[in-house]
Every structure is written in C-alpha cells, then in structure tokens.
Amino acid sequence: GGQHFELMDQSENHIVEQFGYEVLQLMPPSALFLTMTDMVTNTLRYLQVTEHFRQDVLLADQNLMSAEWFVAGQARNFPGVAFPAKLYWPSRPDGWNMREMA
C-alpha cells in the first residue's frame, strides 16, 4: 500500500498548473488557442472551469476537431470562428487544414 508514500508524494508539485497559468496569461483577449494533447487541453480547461481564469480564451483541441461530430456539435461554442469544413483532416477531401482555417 502506502509504505513509500512520502517518497512519491506529488501533492506540492504545481508545475503543470504553473504551465497552464503562464500559457493562458500570454494569450491576447478573446484569443482562439489551438491545442493538442490531453495534458495541455485539460490543464487549460481545468483552470478556466474551476479557477475561472481566462475564460475569454477559446480552446480548440486539434485532435477533437478531427472527429466527425466536432464541428456539427461544438461550433456553437466558438462564436466568431468559421470552420472551413466539417472536420480537421488535411488529407481528406471533406476536411480542412490549418492554412484554410487561418
């Protein structure tokens, strides 16, 4: 069980939290920030939802944007963002690439 808990205790390790705060602090007001990977996306969303920090920044995970359901189901959560096609998938004829989105 917990014989060596004190050696593995990470309860005071705030590196990921600090990373999230620093990333969001750098964003201009009402930015659209394209993320990738669970650690980045979920860290930033955690800070926005639970700490109410930089809720003006829109987070769009590139892995989620490649899902068939994303644009149809989530576009309403991205006011002012025009998704060029139904999914982010540069090699598919019905997909878009980052150049088209920018």
Side-chain angles (χ1 to χ4, degrees):
Q3 291 178 330
H4 301 288
F5 174 76
E6 59 280 343
L7 297 174
M8 302 304 290
D9 181 12
Q10 294 293 308
S11 63
E12 298 300 318
N13 182 344
H14 299 282
I15 291 173
V16 173
E17 179 184 20
Q18 290 170 343
F19 164 79
Y21 276 115
E22 289 178 24
V23 167
L24 288 172
Q25 283 175 336
L26 293 173
M27 295 293 114
S30 302
L32 171 63
F33 185 50
L34 302 175
T35 64
M36 186 176 270
T37 75
D38 288 344
M39 190 204 72
V40 174
T41 302
N42 293 335
T43 298
L44 301 181
R45 284 199 176 131
Y46 171 84
L47 293 174
Q48 288 182 318
V49 173
T50 63
E51 304 298 323
H52 309 289
F53 184 71
R54 292 304 309 270
Q55 293 177 312
D56 62 301
V57 175
L58 297 174
L59 302 175
D61 185 280
Q62 293 178 55
N63 292 320
L64 292 177
M65 289 190 298
S66 66
E68 298 271 346
W69 53 264
F70 183 84
V71 172
Q74 296 295 313
R76 70 183 180 281
N77 296 320
F78 293 87
V81 177
F83 294 97
K86 71 177 194 172
L87 74 160
Y88 168 67
W89 201 302
S91 63
R92 282 181 48 165
D94 60 343
W96 83 81
N97 60 46
M98 285 300 147
R99 180 174 292 164
E100 293 172 303
M101 188 161 178

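Since the model is a prediction, treat every value here as computed from it, not as a measurement.
For the pair Asn97 (side chain) and Pro90 (backbone), a donor-acceptor distance under 3.5 Å is absent. A donor-acceptor distance shorter than 3.5 angstrom exists from the side chain of Asn13 to the backbone of Ile15, with no hydrogens or angles considered. Remark: side-chain polar atoms of Arg54 are not paired, donor with acceptor, to backbone N or O of Leu26 under 3.5 angstrom.
Nearest heavy atoms, Leu59 versus Thr41: CD1-O, 4.4 Å. The two residues Ala31 and Met27 come nearest to each other via the heavy atoms CB-CB, 4.1 Å. Residue Val40 comes nearest to Met36 through the heavy atom pair CB-O, 3.8 Å, listed as atom of the first residue, atom of the second, then distance. Contact detail for Asn63 and Thr37: the closest heavy-atom pair is ND2-N, 3.9 Å.
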Candidate pair Val57 and Gln48, rule side chain to side chain contact (heavy atoms under 4.5 Å, CB included), full reasoning: CA-CA 9 Å; Val57 175; Gln48 288 182 318; 3.8 Å; yes
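To the nearest 0.5 Å, atom CZ of residue Arg45 and atom CD of residue Gln55 are 13.0 Å apart. Here the CD atom belonging to Glu68 is positioned 8.0 Å from the CH2 atom belonging to Trp89, to the nearest 0.5 angstrom. One distance of note links OG1 of Thr35 with CG of Asn42; it measures 8.5 Å at 0.5 Å rounding.
Under the side chain to side chain donor-acceptor pair (under 3.5 Å) criterion, Thr50 pairs with no residue, sequence neighbours left out. A search for side chain to side chain donor-acceptor pair (under 3.5 Å) contacts involving Glu51 returns nothing, not counting sequence neighbours. Residues passing the side chain to side chain donor-acceptor pair (under 3.5 Å) test with Asp38, sequence neighbours excluded: none. The ring-ring contact (aromatic ring centres under 6.0 Å, His included) check on Phe33 picks up nothing, with sequence neighbours excluded. Checked against side chain to side chain donor-acceptor pair (under 3.5 Å), Glu12 has no partners two or more places apart in sequence or in another chain.
Leu87 is listed as a side-chain neighbour of Arg92, based on a closest heavy-atom distance under 4.5 Å. Within the 4.5 Å cutoff, the side chain of Gln74 has heavy atoms near those of the Asn77 side chain.
Within the hydrophobic cluster formed by Ile, Leu, Val, Met, Phe, Trp and Tyr side chains joined at under 4.5 Å, directly or through other members, Leu34 is accompanied by Leu32, Leu58, Leu64, Met65, Trp69, Phe70, Val71, Phe78, Val81, Phe83, Tyr88, Trp96, Met98, Met101.
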